[in-house]
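A note on names: the letters A, B, ... follow the listed sequences, proteins ahead of strands, and every chain is numbered from 1.
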Amino acid sequence: MNIKYDPCVIENKWQKAWDDSGIFQPEIDLREKFFITVPYPYLNGNLHVGHTRTFTIGDVIARYKRMQGYNVLYPMGFHVTGTPIVGLAELIAKKDKQTMEVYHRFHSIPLNVLSGLDEPLKIVKYFSREAEADMRSIGYSIDWRRRFTTTDPPYKQFITWQFNLLRELGCVVKGSHPVRWCPNDDNPVEDHDILKGEDTTIIDYTLVKFKLEGCSIILPCATLRPETVFGVTNLWVNPEVIHVQIEVTYPDKTCEEWIVSRDAYEKLGFTDKRVSVIKEVSGVELIGKHVTNPINNTSVLILPASFVNPGNGSGIVMSVPAHAPYDYLALRDLYDSNLSQYGINEDLKSKIKFISLIKVPGFGKYPAVEAVEQLGVKNQQDLRAEEATKIVYRREFHNGELTDTTGKYAGTKVSKIKDILTYDLINSRIADIFYEFSSQPVICRCGTRCVVNIVKNQWFLNYSSPEWKEKVYRCLKMMDILPPELHVEFENKVDWLKDKACARRKGLGTNLPWDKQWLIESLGDSTIYMSYYIIAKFIADGITPEQLTEAFFNYVLLGKGSASTVSENTGITKETLESIRNDINYWYPVDMRSSGKDLIPNHLLFFLFHHTAIFQKDMWPRAIAINGFVSLEHKKMSKSKGPLLTMKKAVKEYGADITRFYILAASEHTQDADWRENDIETTKKQLVRFYRTAREIIALPTSTGDLNSIDRWLLSRLQHKVAETNDALQKLQTRRALQNSFYLILNDLKWYERRGGKKALPQLLHTWTRLLAPFTPHICEEIWSHLGEGFISQAPYPAPDSTLVDVDSEQAEEYLQKALEDVEEILRVTRITPQKIIIYTTPQWKKTIHKIAMELKLTETLEMKNVMSEAMKDYEVKKHGKEAPKYVQKIITELKNTTKETAKSKRAKPIIEKEILSDARGFLECELNCKIEIQSADKPNYDPQQKSRHAEPMRPAIYIMESVED
RNA sequence: GCGGAGAUAGCCAAGCGGUCAACGGCGAAGGCCUCAAGAGCCUUUCUCACAGGAGUUCAAGGGUUCAAAUCCCUUUCUCCGCACCA
């Protein structure tokens with residue numbers, strides 16, 4: 001072995017050896033299979049340390065399972081479908097400053113190469129080559145024969161088949177949905193295209209149609225609480241605002257006349273209705289008129305209110321003073337004002353009767369009134385009005401129930417009513433949906449103010465279907481989710497998932513087979529592609545896209561039809577077809593999908609939905625594992641803005657094994673890992689050290705003779721670490737696995753060497769190297785090449801060997817460590833320079849009592865009198881009859897505070913203290929730099945300070961003689 | 001707002017009813033080794049203590065228990081997702 005640890009040399013060597021031997025290119029055999037996948041990367045940049053974490057976890061499990069004897073398949077592909085790559089090409093083509101800067105600096109792309117990446121296909125080609133090189137350079141055990149890109153023509157055939165099938169199965173429906181829209185670009189606005197208002201969401205208001213009395217003109221009111229229509233006492237119109245009377249044409253050609261604000265008119269232009277202005281109407285004109293509440297045909301008055309914002313909703317607001325503090329306040333403010341200018345002369349106080357429609361604990365009939373009074377809100381401008389509103393809305397929503405005022409809806413929970421009522425109102429044509437941003441304005445990068453647009457005739461995957469969801473729940477029930485606490489999260493997300501638009505206009509991808517003007521949305525085409533890895537291997541052997549017919553996929557993936565018929569139709573030989581089908585049967589389903597936590601509410605969900613829709617139960621995924629993100633020195637990474645650390649750069653700087661080790665040990669499961677320069681430097685030192693230790697052990701001459709206690713101790717301790725590591729890996733706890741397989745073993749090794757151990761080193765290394773192989777495969781191969789046969793990647797993974805567990809030696813060492821610690825502590829506290837130290841072993845009578853107490857603890861009869869009566873039968877104890885009760889009392893208190901299990905484990909064979917101390921005398925003298933004498937507390941030769949009294953089982957007494965000159 | 005995760009010593013982070021003053025790592029201090037540096041090794045790192053001890057801790061407050069960092073309740077704070085974007 002080379003003296004110096006040179007990661008680069010070792011890693012290149014073994015990567016080549018793996019590649020040449022094809023050991024990561026599995027074929028069907030008699031072994032049990034294990035199919036593990038991670039989400040393929042999206043290629044709008046180089047792979048970074050975030051990918052590194054997810055992919056390395058996948059690789060560790062793949063390697064672990066392989067060493068456990070499974071036939072493991074770990075494949076990889078590339079995702080390029082969608083808009084970001086197209087967008088990136090455009091940005092590069094026009095030499096966008098930030099893009100060039102980020103991709104040059106953070107993605108480490110030479111400027112001359114970068115400027116050439118001005119077309120999507122060039123980007124795909126460049127990054128897929130880089131990504132494969134990166135993943136090879138970090139030593140992933142990937143079967144590269146199965147690699148593909150989502151725009152490959154054969155893959156498109158696969159997607160085409162999938163979507164045709166989904167449509168046949170009734171999973172695809174047509175509909176429309178609201179999106180953020182830039183009228184200038186005439187396009188939906190994505191998050192990164194937004195200049196202002198990124199956090200804005202689209203809210204769906206219910207638009208209730210009040211009819212102006214005496215004509216058919218409609219005054220629509222937008223509300224988030226449609227149930228309150230039962231409590232409307234009046235409408236609010238802003239007298240300052242000029243409204244418009246418009247003609248509204250529905251898709252079914254029916255026409256209505258509405259009066260709304262000008263803003264609302266413009267927004268309506270982007271809905272599924274056609275609108276045109278008839279004339280302007282001032283707010284003042286409307287005030288004082290009456291409208292009919294469509295829900296109960298009551299007549300309500302229109303009143304003036306300056307708070308009505310024409311930019312929000314329809315510009316006309318319904319007033320529910322019983323349940324809306326603002327409405328109550330506005331009304332109260334009007335009580336004393338003169339409204340005769342609007343032709344209103346009646347006394348509002350007596351005319352307008354509040355209508356209660358929600359019953360909620362903690363409030364009486366009119367929650368709004370009560371809240372306003374409790375908080376002492378003065379008027380509409382008072383800031384506490386907002387607080388009152390929040391309190392009322394929240395309580396009503398969560399605990400409220402509708403009263404008899406609402407007729408057939410009485411008794412319904414407020415939290416459930418919105419969907420039901422809106423549906424009913426729309427059906428009877430007295431309401432409509434009106435979309436609005438949650439906050440204004442939303443500005444596109446081009447500077448234009450965005451609107452909500454309804455994209456019409458869009459294709460949807462109907463994830464909201466209860467039957468489909470039911471299948472997914474069933475699938476989840478059978479699955480392992482790691483960490484298990486996320487199981488609930490998955491179920492919640494399934495519940496929450498609604499229909500999802502699955503077609504888009506822009507980007508790379510596969511056309512919707514039955515409506516070619518649409519492209520299949522990029523998450524929809526990444527749901528069952530794990531099965532395609534199995535087919536991909538055969539496609540590489542020369543099958544053309546034209547041969548990949550629907551019948552082909554139906555046969556190989558679903559087992560429908562027969563090989564001979566498909567062979568006739570496609571020209572693919574029957575044997576090939578059968579062997580593809582066999583491969584599918586063998587490898588599928590996916591045994592584990594390991595992924596970052598960001599993919600839970602989208603990709604992983606769709607992964608489950610599509611599998612349950614397309615495949616039979618036995619092909620449904622078996623497990624999902626989730627991991628967290630990686631940050632850089634506490635800062636969030638960003639592909640497009642930086643900071644970013646690429647996999648390439650990390651491997652180049654530190655080497656594959658160090659990078660792998662570091663990222664795996666940095667954190668567990670869903671917790672985020674923070675990449676720190678300083679920490680990875682120490683990881684480097686650790687591996688250098690491991691290498692050196694291994695080299696030294698290998699160079700050791702073969703030792704003979706029996707193992708000593710300390711050797712047995714080392715090997716015994718090793719078994720616990722092996723067991724822990726295996727357990728951690730089963731649960732995908734890479735951090736815990738490394739803590740045990742590396743740091744804790746290293747610490748044992750330090751103690752072992754300090755104690756002068758040597759004989760067990762080769763055996764330790766033999767196990768240790770294999771234990772670490774999944775994490776740091778290259779360095780382990782290198783060491784293994786001096787230890788064992790073949791590749792360590794194929795060597796058996798260590799399992800705990802119970803025959804090597806040696807409780808006695810572990811207890812002996814614990815005893816010794818404790819004794820040493822005690823001496824050191826005394827020395828520290830007293831600051832004595834010792835001349836000689838006498839250690840007194842436990843007297844026989846205490847051992848006897850200890851033993852009796854332990855036994856009684858196990859039978860739950862640990863009482864003073866029981867111990868005493870039993871102990872006093874012993875002659876030695878009797879001799880110490882005076883001291884005995886005190887010791888018994890002490891031991892009882894101690895044991896009361898421990899569990900039975902602990903007591904049991906401590907009860908193991910009583911150790912021979914004298915022997916342990918005598919064996920370790922040389923060691924102790926050396927450590928403490930003075931003479932050590934061992935005496936028994938039964939009859940000490942020399943005990944000037946009566947220290948021997950302190951001796952107890954597992955804890956000797958100590959007397960330190962001070963050096964005279966100090 | 002909804003849903004999820006979390007708050008542990010200077011920092012990262014384990015523990016999730018008794019073996020806990022609390023694994024492990026980093027950082028810091030002292031010592032050994034060395035011509036020296038680095039590496040390595042040992043010790044210390046909540047407070048107090050010249051005999052192996054004692055005291056106060058695990059976001060805050062309350063509770064259950066013989067026993068709580070660990071279980072229950074309340075409060076405060078942090079992070080993540082909430083979609084048509086991969």
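- Within the 4.0 angstrom heavy-atom criterion, only backbone atoms of the sugar-phosphate kind lie near A/Q686; the bases stay farther away.
- Among the protein residues, A/Y959 comes within range of the nucleic acid bases, having at least one heavy atom under 4.0 Å from a base atom.
- Annotation: B/G6 and B/A59 have their P atoms spaced 13 Å apart (nearest Å).
- Looking at heavy-atom distances under 4.0 Å, A/L497 makes contact with a base.
- Under the side-chain contact (heavy atoms from CB on, under 4.5 Å) criterion, A/T830 pairs with A/I826, A/I832, sequence neighbours left out.
- As rounded to the nearest Å, B/U19 and B/U74 have P atoms that lie 29 Å from one another.
- Nucleic acid contact for A/K947: base, since at least one base atom lies under 4.0 Å from a heavy atom of the residue.
- Nucleotide B/C33 forms no Watson-Crick or G-U wobble pair with any nucleotide shown, as no partner meets the under 3.5 Å limit on both distances.
- Atom C1' of B/C73 sits at a distance of 23 Å from the matching atom of B/G1, rounded to the whole Å.
- At a threshold of 4.0 angstrom between heavy atoms, the contacts of A/A957 include nucleobase atoms, whether or not backbone atoms are also involved.
- The residue A/S522 sits close only to the backbone: its heavy atoms come under 4.0 Å of sugar-phosphate atoms, none of a base.
- Geometrically, A/K597 engages A/F629 in a cation-pi contact defined by less than 6.0 Å to the ring centre and at most 45° from the axis.
- Across the strands present, B/C82 finds its partner in B/G1; the criterion is a Watson-Crick or G-U wobble pair with both atom distances under 3.5 angstrom.
- Under the 6.0 Å distance and 45° angle rule, A/R955 does not count as a cation-pi partner of A/Y815.
- Here the side chain of A/N462 pairs no donor or acceptor atom with the backbone of A/D499 at under 3.5 angstrom.
- Across all strands, A/Q671 comes closer than 4.0 Å only to sugar-phosphate atoms, never to a base (heavy-atom distances).
- Less than 6.0 angstrom separates the ring centroid of A/Y463 from the ring centroid of A/F606.
- B/C23 and B/A67 have their P atoms separated by 25 Å, given to the nearest Å.
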Between the protein and nucleotides 42-45 of chain B, which nitrogen or oxygen pairs come in under 3.5 angstrom?
unit_1: B/C42; atom_1: O3'; unit_2: A/R754; atom_2: NH1; d: 3.4

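- When heavy atoms are screened at a 4.0 angstrom cut-off, A/N929 is found touching no nucleic acid atom at all.
- Here, B/G52 and B/U57 have their C1' atoms 23 Å apart, quoted to the whole Å.
- Contacts of A/P834 with the nucleic acid, taken as non-hydrogen atoms under 4.0 Å apart, are absent.
- Distance noted for atom P between B/U78 and B/A21: 33 Å (whole Å).
- Across all strands, A/T81 comes closer than 4.0 Å only to sugar-phosphate atoms, never to a base (heavy-atom distances).
- Across all strands shown, A/N44 has no heavy atoms under 4.0 Å from either base or sugar-phosphate atoms.
- Rounded to the nearest Å, the gap between the C1' atom of B/A54 and that of B/G61 is 28 Å.
- The gap from the C1' atom of B/A68 to that of B/G17 amounts to 6 Å, rounded to the nearest Å.
- Aromatic pair A/Y529/A/Y40: ring centres closer than 6.0 Å.
- Across all strands shown, A/I960 has heavy atoms under 4.0 Å from base atoms, whether or not it also approaches the sugar-phosphate.
- At a threshold of 4.0 angstrom between heavy atoms, the contacts of A/R735 include nucleobase atoms, whether or not backbone atoms are also involved.
- Contacts of A/H79 with the nucleic acid, taken as non-hydrogen atoms under 4.0 Å apart, involve only primed sugar atoms and P, OP1 or OP2.
- When each of B/G40, B/G52, B/C84 is scored by its nearest atom to the side-chain atoms of A/R180, the top-ranked nucleotide is B/C84.
- Under the Watson-Crick or G-U wobble criterion, with both distances below 3.5 Å, B/G6 is paired with B/C77.
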